[in-house]
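Only one structure is covered here, and it is reproduced in the block below.
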Amino acid sequence: MELDVFEKKPHEVETDVLGLFLHQDEDIPYRFKTLDNKLNNQITKAIENENFKGELNETFAIPSLGNLPADEVLLVGIGKKKEYETDNIRQASATALQYAKSVDSKKFSIYIGTLFSVDTFSQFAVEGAVLGNYKFDKYINLEDENEEKEIEELQVACPGKLKKIKKAAEKGKILAEATNYTRNLQDLPANVATPKYLAKEAKNLSDLDNVKVEILSKSGLKKKNMNLILAVSSGSGKEPKTAIMEYKGGKKGPIVLVGKGVTFDAGGLDIKPTSAMNNMHYDKCGAMAVFGIMKAAAELELPIHLIGITPLTENLTGADAQKPRDIVESHSGKTIEVKNTDAEGRLIMADSLSYSEKYDPEAVIDMATLTGSCIKALGYVAAGLLGNNKEFLSKVKDAAEQTSEKVWELPLWDEYREQMDSDVADVKNIGEEHAGTSTAAAFLEKFVPEHVKWAHLDIAGTAYVEKMKNPKPYASSGATGFGVRLVTQVLEDW
Ligand code: BES
Ligand code: ZN
Ligand code: ZN
């Protein structure tokens with residue numbers, strides 16, 4: 001989908017579907033008056049007759065019947081003004097794009113009025129449209145007649161301030177495309193997206209300016225004593241990898257991102273029941289989000305030094321699989337009692353976290369579909385946020401506000417830390433029955449380099465959409481790419 005940004009009046013835009021965003025309980029804004037006249041005042045009438053109320057994501061289509069260069073005008077509700085959230089623009093924009101697709105449009109246009117800061121409006125409208133355009137359909141053999149339902153051009157039309165609006169629109173496009181790139185990798189099935197396949201994907205990121213990628217294979221992991229990822233992968237016929245991506249865009253940082261990349265989590269010998277194993281191809285979502293953040297940071301040319309480390313492995317039950325009560329020496333030197341082989345994410349993350357020390361990072365952010373408990377606590381609505389530095393966590397919360405990717409802080413107290421003590425090793429990999437998200441974070445914390453600010457995002461509930469009621473129209477099925485926009489915002493605000 002190409003992006004074209006230009007200055008025109010609403011009634012001058014030549015397109016298939018022209019989306020106009022309107023508040024609930026609001027008269028037709030002055031800027032749409034001429035357009036409305038040309039449509040025989042159908043917008044005014046729709047509002048007066050309450051055929052269109054402006055509720056969030058409500059739509060009302062008006063065919064122009066040759067009275068305008070646009071074939072159709074689509075009114076899209078963005079809700080009441082006082083309840084107004086910037087995210088409504090993303091949602092309404094996705095809704096409008098999906099309507100345009102459903103009527104086989106090639107060109108879809110958004111009109112940027114003067115609702116509020118035009119650059120934010122423009123960025124969020126483009127984000128919504130590009131995110132709303134995502135669909136994981138590469139394995140569906142489409143009938144000929146369905147094949148052309150692709151929007152070719154996304155137009156952003158505005159009454160002025162072109163330079164500002166264009167820049168913001170392009171930023172929205174980069175962020176949403178990086179998110180869609182991540183979603184596509186996340187949605188891939190485990191038979192395709194193996195550690196080797198994803199390592200190759202990571203390698204491709206070195207095509208970006210100022211990005212270098214190194215892949216550690218089994219021998220490299222052995223040499224570096226990354227014994228926890230080796231232990232987790234030992235039940236799989238496929239070799240583990242760890243991708244290390246480095247973007248040198250400027251002096252800020254370095255900041256290290258670590259993402260869990262379990263390409264399939266069967267649980268290991270502590271095997272999951274069928275219902276819980278369903279969707280475990282999504283256990284690589286944290287790592288794929290890190291890929292997308294590297295891409296976004298490089299394309300936005302952020303003035304920062306960023307390192308992404310993503311351990312990639314399966315967690316299966318093969319003949320050499322690790323067993324409960326195994327004791328493994330980690331990369332950090334600490335010994336781990338593997339009490340439960342299904343708590344594998346924290347094991348592979350531990351090696352990557354302690355490996356990050358060599359970069360002398362200013363901060364570390366990790367992302368992982370780590371615990372079912374996080375879904376119990378927060379549902380599918382927010383990611384769990386834990387860490388060791390209040391100020392840093394509040395930065396992450398600020399970024400979450402801006403990107404509408406919700407996070408909620410969960411506690412990390414000594415009572416949880418104590419639960420990780422083992423009778424036979426330095427640490428064990430599970431705590432008591434409850435508060436699993438906090439005990440998992442307490443485990444990870446032991447491997448974060450000393451005196452380094454650290455934030456942990458448990459994205460088990462937010463990485464993909466399955467059971468959520470009323471999902472947002474820009475993330476309505478499958479992988480969400482959660483965290484790509486959020487963490488990129490943290491980096492931008494650094
Ligand atoms: N990958 C799972 C966590 C998960 C569950 C992600 C549901 C997405 C949806 C993780 O490896 C796991 O199995 N965690 C266990 C930990 C337990 C054994 C301490 C869990 O949450 O049950
Ligand atoms: Zn597991
Ligand atoms: Zn897992």
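Throughout, numbering of the chain's residues begins at 1 and tracks the sequence. In each ligand, atom 1 is the first atom listed, and ligand 1 is the first ligand listed.
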Between [Y] and [X], does any NZ, NE, NH1 or NH2 come within less than 4.0 Å of an OD or OE carboxylate oxygen?
X	Y	value
Glu239	Lys218	no
Glu391	Lys395	no
Glu344	Lys260	yes
Lys238	Glu314	yes
Asp414	Arg417	yes
Asp87	Lys472	yes

For ligand 1, which atoms, with element, lie under 4.0 Å from some heavy atom of Lys272? 2 (C), 12 (C), 13 (O)
Which ligand 1 atoms does Lys260 reach within 4.0 Å, using its non-hydrogen atoms? 1 (N), 10 (C), 11 (O)
Have a look at ligand 1 and work out which part of [X], if any, has a heavy atom under 4.0 Å from it: side chain, backbone, both or neither.
X	answer
Met277	neither
Asp265	side chain
Asn279	neither

Nearest protein heavy atom with distance in Å, relative to [atom]:
atom	result
atom 20 (C) of ligand 1	Gly372 N, 3.8 Å
atom 7 (C) of ligand 1	Met280 CE, 3.6 Å
atom 19 (C) of ligand 1	Ile430 CG2, 3.5 Å

Tell me whether Lys101 forms a cation-pi arrangement with Phe108, defined as NZ or CZ under 6.0 Å from the six-membered ring centre and within 45 degrees of its axis. no
Sub-4.0 Å heavy-atom approach of Tyr464 to ligand 1: yes
If you measure from each heavy atom of Val262 to ligand 1, is any distance below 4.0 Å? no
If we only count N/O pairs under 3.5 Å, is [X] in contact with ligand 1?
X	value
Arg346	no
Glu344	yes
Asn340	no

Just wondering, is there an N, O or S atom on Gly345 that's nearer than 2.8 Å to the Zn ion (ligand 3)? no
For a distance under 2.8 Å, tell me if Asp283 has an N/O/S atom near the Zn ion (ligand 3). yes
Can you check whether Ala400's main-chain N or O pairs, donor with acceptor, with Arg485's side chain at less than 3.5 Å? no
Can we call the ring centroids of His281 and Phe264 under 6.0 Å apart? no
Nearest 10° is fine: what angle sits at the Zn ion (ligand 2) between OD2 from Asp265 and O from Asp342? 170°
Could you label the plane-to-plane angle of the Phe121 and Phe21 rings as parallel, tilted or perpendicular, counting under 30° as parallel and over 60° as perpendicular? tilted
For the student: nearest non-hydrogen atoms of Ala441 and Leu386, plus distance: CB-CD2, 3.9 Å
What's the atom name of the N, O or S in Glu344 nearest to the Zn ion (ligand 2)? OE1
